[in-house]
Amino acid sequence: MKLEWKDDLDLDMIAESGQCFRWQKTGQEGEYRIPFRRELLYIRRIDDTHFDLSCKERQFERTWRSYFDLGRCYRDIRSMVCEEEDPVLYRAQQLGAGIRVLGQDPWEMLITFIISQRKNIPAIRLAVEKLARAAGDPLEGRNGEIVWSFPTAEQIAGMSEQALAEVKLGYREKYVRKAAEDAAAGRICLEEMEQMDLESCGKALREIYGVGRKVADCVALFGLHQLDAFPRDVWINRGLAEDYGGEENFPYDRYHPYNGIMQQYLFEYFRNRPRETGSFH
DNA sequence: GCCCAGGGATCTT
DNA sequence: AAGATCCATGGG
């Protein structure tokens with residue numbers, strides 16, 4: 001189907017934004033292949049105001065409209081930032097215009113961000129892909145290509161010790177194993193967390209073994225669509241220290257309830273700007 | 001609150 | 001080739 005869309009939606013920026021790790025470029029101009037639950041979408045921009053999607057209208061309405069958070073105007077949210085008041089974020093949102101916070105699967109986000117600790121983005125991609133191949137189901141894409149679905153809690157819990165060890169998750173393996181067992185047994189219920197406010201679901205998430213403040217905020221933001229969650233990773237902490245004199249000085253109240261969207265602009269900005277190498281003083 | 005191990009891939013030198 | 005770092009956390 002053809003989608004007319006005039007608000008922010010830059011596929012390359014989203015793919016690089018560190019919220020999704022399984023988008024793949026297909027080789028066709030600007031096109032991405034996106035696995036979500038048991039579906040696959042091929043999407044590319046046609047022109048300034050149009051996109052081509054491999055799904056039918058009905059499937060778009062049922063699944064992909066919310067996946068891309070198309071019920072919200074990101075230009076309006078960006079316009080909350082005042083150039084004089086907050087020049088750093090103002091610049092960040094200018095450069096990051098096109099980013100959206102996706103509505104991804106909570107379980108996939110939980111496991112992905114448990115895996116993400118002390119890894120860089122290419123390494124996270126590799127580990128998630130290995131896990132999907134080891135325990136997911138094959139989905140048939142275009143031209144008969146196979147993409148592996150993200151494994152369910154039951155599928156991960158059912159993996160042999162050897163099979164899980166081959167994914168080479170290191171010390172995170174025990175976290176992933178326990179989360180899968182607890183979710184399969186109903187001791188972790190992400191569906192319940194979808195009904196909670198940020199404080200409650202943040203607390204519930206941090207009770208999961210291997211989930212601290214950072215991972216909880218990522219799952220809340222990217223998996224439970226809590227747009228006020230503000231994950232602090234090394235890039236954000238470094239940037240807030242340099243430009244705001246510390247993370248405590250960021251004007252969170254000013255951007256409530258969209259601090260998580262602002263975090264995405266800052267993450268992109270801090271991560272892509274040139275770094276001091278320390279090789280000369 | 002502070003400190004450090006834990007594993008492997010990637011980035012830097 | 002080797003060392004540092006990586007979207008952190010749990011436990012001491």
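Convention: sequence-line order gives letters A, B, ...; per-chain numbering from 1.
Checked against dT9(C), dG8(B), dT10(B), the side chain of Y175(A) finds its nearest nucleotide in dT9(C). The nucleotide whose nearest atom lies closest to any side-chain atom of W235(A) is, among dG8(B), dG10(C), dC7(C), dC7(C). Side chain of R238(A), nearest nucleotide from dA9(B), dT9(C), dC6(C): dC6(C). For Y209(A), taking side-chain heavy atoms from C-beta onward, the closest of the listed nucleotides dC6(C), dG10(C), dT10(B) is dG10(C). Between dC11(B), dA9(B), dC7(C), one nucleotide has an atom nearer to the side chain of P122(A) than all others, and that is dC11(B).
If you measure from atom CD of Q117(A) to atom P of dT5(C), you get 19 Å, rounded to the nearest angstrom. In this structure, CD of Q104(A) is placed 17 Å from P of dC7(C), rounded to the nearest angstrom. Here dG10(C) presents its P atom at 19 Å from CZ of R177(A), a figure rounded to the nearest Å. Note: CZ (R213(A)) to P (dG10(C)) measures 13 Å, nearest angstrom. Between the CZ atom of F21(A) and the C1' atom of dC7(C) there is a distance of 7 Å, given to the nearest Å. Regarding R125(A), its CZ atom lies at a distance of 11 Å from the P atom of dC11(B), rounded to whole Å. Whole-Å rounding puts the F270(A) CZ to dC6(C) C1' distance at 18 Å. As a whole-Å value, the separation of R206(A) CZ from dT9(C) P is 10 Å.
Checked against the 6.0 Å centroid criterion, the rings of F36(A) and F150(A) do not qualify as a close aromatic pair.
Nucleic acid contact class of S17(A) (heavy atoms, under 4.0 Å, all strands): base. The residue K130(A) sits close only to the backbone: its heavy atoms come under 4.0 Å of sugar-phosphate atoms, none of a base. No engagement by L266(A) is indicated, since no non-hydrogen atom pair under 4.0 Å with the nucleic acid exists. As judged by a 4.0 angstrom heavy-atom cut-off over every strand, I121(A) is placed among the base-contacting residues. Counting any heavy atom pair closer than 4.0 Å across all strands shown, Q19(A) reaches a base atom. As judged by a 4.0 angstrom heavy-atom cut-off over every strand, R232(A) is placed among residues making no nucleic acid contact. Among the protein residues, K119(A) comes within range of the nucleic acid bases, having at least one heavy atom under 4.0 Å from a base atom.
Checking A123(A) against L169(A), the closest nucleotide of DNA chain B that is more toward the 5' end is the one next to L169(A). Along DNA chain C, the nucleotide closest to P231(A) and the one closest to G210(A) are compared, and the more 5′ of them pairs with P231(A). Nearer to the 5' terminus of DNA chain C, by closest-nucleotide assignment, is the contact made by F267(A) (compared with the other of I208(A) and F267(A)). Of the two residues contacting DNA chain B, namely N120(A) and G170(A), the nearest-nucleotide position lying further toward the 5' end is that of G170(A).
Looking at D197(A) and S200(A), their side chains do bring a donor and an acceptor atom within 3.5 Å of each other. Residues H256(A) and D253(A) bring no donor and acceptor atom of their side chains to less than 3.5 Å of each other.
D7(A) has a carboxylate O that lies under 4.0 Å from a charged side-chain N of R100(A), or vice versa, which qualifies the two as a salt bridge. Of the charged side-chain nitrogens involved, at least one lies within less than 4.0 Å of a carboxylate oxygen, so that E31(A) and R142(A) count as a salt-bridged pair. Classification of E85(A) and R254(A) as a salt-bridged pair holds, one side-chain N sitting under 4.0 Å from a carboxylate O. The residues E145(A) and R33(A) are annotated as salt-bridged, a charged nitrogen and a carboxylate oxygen being separated by less than 4.0 angstrom.
Nucleotides dC4(B) and dT5(C) are separated by 15 Å at their P atoms, to the nearest Å. dT13(B) and dC7(C) have their P atoms separated by 16 Å, given to the nearest Å. Remark: the separation of the P atoms in dT10(B) and dT9(C) is 22 Å, to the nearest Å. Spacing of C1' atoms, dC6(C) relative to dA5(B), comes out at 16 Å, to the nearest Å.
Nucleotide dC7(C) forms no Watson-Crick or G-U wobble pair with any nucleotide shown, as no partner meets the under 3.5 Å limit on both distances.
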